[in-house]
Amino acid sequence: MYYKNIKPYLLIFLFCSFIFACGKDNSVNTNYQNYYDKESGGRLINAMTGEPSNLIAMIAGDSASSAIANNIFNSLLKYDESLNYAPEIAESWSISSNQKTITFKIRKGLFWADGEKLTSNDVMFTWKLVTDPKTRTPYASDYQLVKKASAPDPFTFVVTYEESYAPALDTWTALHILPEHLLKNEDINSTYFSRKPVGSNYYKLDGWKSGQQVSLTSNPLSINGKANINNLISRIIPDTSSQFLELTADNIDLMNINPIQFQRVFPSRKDLRNKIGLYKELGNGYTYLGFNLKKEPFNDKRVRKALNFAIDKNEIIKGVLLGLGEPLSSPYKPGTRWNNTKLKPYPYDSIKALALLNEAGYKKNKDGFLEKNGKILQFEILTNQNKQREMTAVIIQRRLKEIGVDVSIRVIEWASFINQFIKTGDFDVVVLGWSLSLDPDQYNIWHSSQQEPGQFNFLGYKNKRVDSLLEKGRVELDISKREKIYHKFSDILLDDSPIVYLYAGYGLSAINKRVRGIMKPSPPAGIYHNSYDWFIPKILRRNEISDI
Amino acid sequence: MKKFIGNSLALAGLVIITTVLLAAIFAPIISPYDPNFIDIESILIAPTYSHIMGTDGLGRDVFSRMLYGAQISLLVGFVAVGISTGIGIILGSVAGFYRGWVDSFIMRIVDIMLSIPSFFLILAVIAFLTPSIWNIMIVIGLTSWMGVTRLVRAEFLSLKGREFVMASEAMGSSDIKIIVLHLLPNSMTPIIVSSVLGIASAVLVESGLSFLGLGVQAPTASWGNILTDGKEYIQFAWWLSLFPGLAILLTVLGYNLLGEGLRDILDPKNK
């Protein structure tokens, strides 16, 4: 009897102690509000959705790999925080008067992480590697334009192009220079080096547990000096909801978040706002609706323009991105010099849309659908399994239905989307995105010669004026002349309407407030640009077993 | 009937199923909104008087979508089970009646099919086809007939030795006549029970496929894809996961209760 009575109390006691134990973890650390001086040490844990395939970026081609490899390797040049070219392995560069030859002066006294000297021979070796037909890389074409490359002495590297090539410097910011002494006898496609790289940047590989994490530790021989934070750990967490739980539980320090988390979850959770900082910046990409221009009725410009007028971009930004995006009128990031500010996006105007469709021969039939020669205006929007794109398609479908266009939606897994539909050209309309490099050259996407299966002009866009502008833009090195060329190009593209620009979304990051030194507002190059200068004050660090 | 009312679990199952059926049939009348009506101004509203189950990420009314989703779930359940029961009866009858190598052949196919995890088989097949509601029903039907086949065959084996079958044979009745007139009517009990249970698992498979994005395509609502949409908002929009989850749970529970109850009621040994 006695035993029976005590039981409920015991349970209540246990329950209370459980609640208090939980409460303690969630308590706000007031230390987050203080100012701290820079100090080195500590470790930063981030999360990524995919595991790197290979740390040699020219072979890998996936974003997880290049995110890690960027911390390990350097290029000849880099972009500074305002997106101007800056020296990295090269201390200076000069362009010949005929604009075809670039001479790079390599910095003296550079070392690989294993203590070997880094010289122009390594640069030469890397160029040979990337242009070698045996190397399985998607990036070769940029470097194959170099007619002749040479390394006359250990601190000079010279490349000569067939004709002047404006994106040349940009390509040299992207090519990771690899060590010749470790790779000269290796097959680059299958070498051990892809999982045991030796580089020259702030960090070197410390450990790699497949499916779990990749850890980096600071490289004492780094050619850029020492980063403040000693260890970078990238945990592999494929599901972003789980990542978010890890972030709130303080098990990771930073992650990319989505608009719902940014606009809805954070404002309603004071405990999270106290310990996690939010950052937003316009990303380097945009989402669009693309027409298959080889197919009826999308070969008719009036139909394309009509559909453009019939889609309300602001509604999509509001509904899908909760307002965290911007409409576009050119394929360039707003705020950069290449974006033509005179151009305005097509406003939502269903009356104009109907008028244009009438002009193209479409009349409403008795069911309310637009019809031409007995055929209803109907098509399928194809997109990959991406929630935002799917929601976008649903909103577009509703708007087009209002004017009498019958749209169906099909969502497909990425690999079959590319192989069965994009490469074969078997689609009506796609909702997809382009991410952009910093150079304005878009020859690969819009030039009429780039329509082979697997090439990027899969919409089949063909315009003689655009072709000649793109060709001119590629060889023009004068920035202001180049700017005019690409402004004109954007103008024609907007009028032709081969795609409907839907939105450019903001990149949203959540970073634990223990991480200091993040630039706010973010520089044009993005908040991660100065991550080597971030630091974690000792008092805010996690309890770590071996901290320096 | 008396037995039925006495069996409270079966009755509960029947009540649940009837409610869902009525909801599905009268969805166009009951639902307060167009299930696909997008309202950007009222995204993710918690349940209120005007939206009793709240709204989703595009401002669509969840209650209306749930009602239309019930149509999809039940349609998939009935058609898929119709297909699988049909195949099961034919193959089971042939195997049980003719025995010999036909029997061995059919039973080995059954064994092979049973050794493949059916959900993954369905996933693989759907990945090749266009994901549409008709394809899903057919694929679920074609991958779940093995149980019925075995049941029918077993019943036939035990019935074939009985006097009334022998009498019919002796009177020169054709095989078809014996199967249809004498054997099948006497094996209906296990078939009905397994069909009812089969509907439950078909509803579950459809929800699973839609949850993985391989089921019913947007913007058509099904319980599975409402649940997927809810996954992204689970941190604060509980109503998007709770209602479809509950609906799936209750429907499956309802069919299972009804199936179990029917077995108890129809089993002559269970008096």
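Chain identifiers are assigned alphabetically (A, B, ...) following the order of the sequence lines, protein sequences preceding nucleic acid strands; residue numbering begins at 1 within each chain. Predicted, not measured: the structure shown is a model, and the values here were computed from it.
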Contact class of B:L44 relative to chain A, heavy atoms under 4.5 angstrom:
both

Please determine whether the number of non-hydrogen atoms from other residues, nucleotides or ligands lying under 6.0 Å from atom CH2 of B:W238 exceeds 12.
yes

Around atom NZ of A:K375, are there more than 12 heavy atoms of other residues, nucleotides or ligands at under 6.0 Å?
no

Greatest number of non-hydrogen atom pairs under 4.5 angstrom with chain B, of A:T240, A:I412, A:V411, falls to A:V411

Taking atom CD of A:Q261 and atom OH of B:Y233, what is their separation to the nearest 0.5 Å?
11.0 Å

Please name the pair of heavy atoms, one in A:V394 and one in B:P219, separated by the smallest distance, quoted to 0.1 Å.
CG1-CB, 4.1 Å

Roughly how far, to the nearest 0.5 Å, is CD1 of A:I317 from CD1 of B:I40?
11.5 Å

Please state whether the side chain, the backbone, both or neither of A:D312 comes within less than 4.5 Å of a heavy atom of chain B.
neither

Qualifying residue for side chain to side chain contact (heavy atoms under 4.5 Å, CB included) with B:I38, from A:Q397, A:M391, A:R398:
A:R398

Heavy atoms from other residues, nucleotides or ligands near NZ of A:K387 exceed 12 (cutoff 6.0 Å):
yes

Which atoms of A:I395 are under 4.5 Å from chain B, going by heavy atoms: the side chain, the backbone, both sets, or neither?
both

Is it the backbone or the side chain of A:R269 that comes under 4.5 Å from a heavy atom of chain B, or both, or neither?
side chain

What part of A:E390 lies closer than 4.5 angstrom to a heavy atom of chain B: side chain, backbone, both or neither?
side chain

Should A:R264 and B:I43 count as side-chain neighbours, where that means a heavy-atom distance under 4.5 Å?
yes

Value rounded to 0.5 Å, distance of CD1 in A:I260 from CD1 in B:I234
12.5 Å

I'd like to know whether NZ of A:K352 has more than 12 heavy-atom contacts from other residues, nucleotides or ligands below 6.0 angstrom.
no

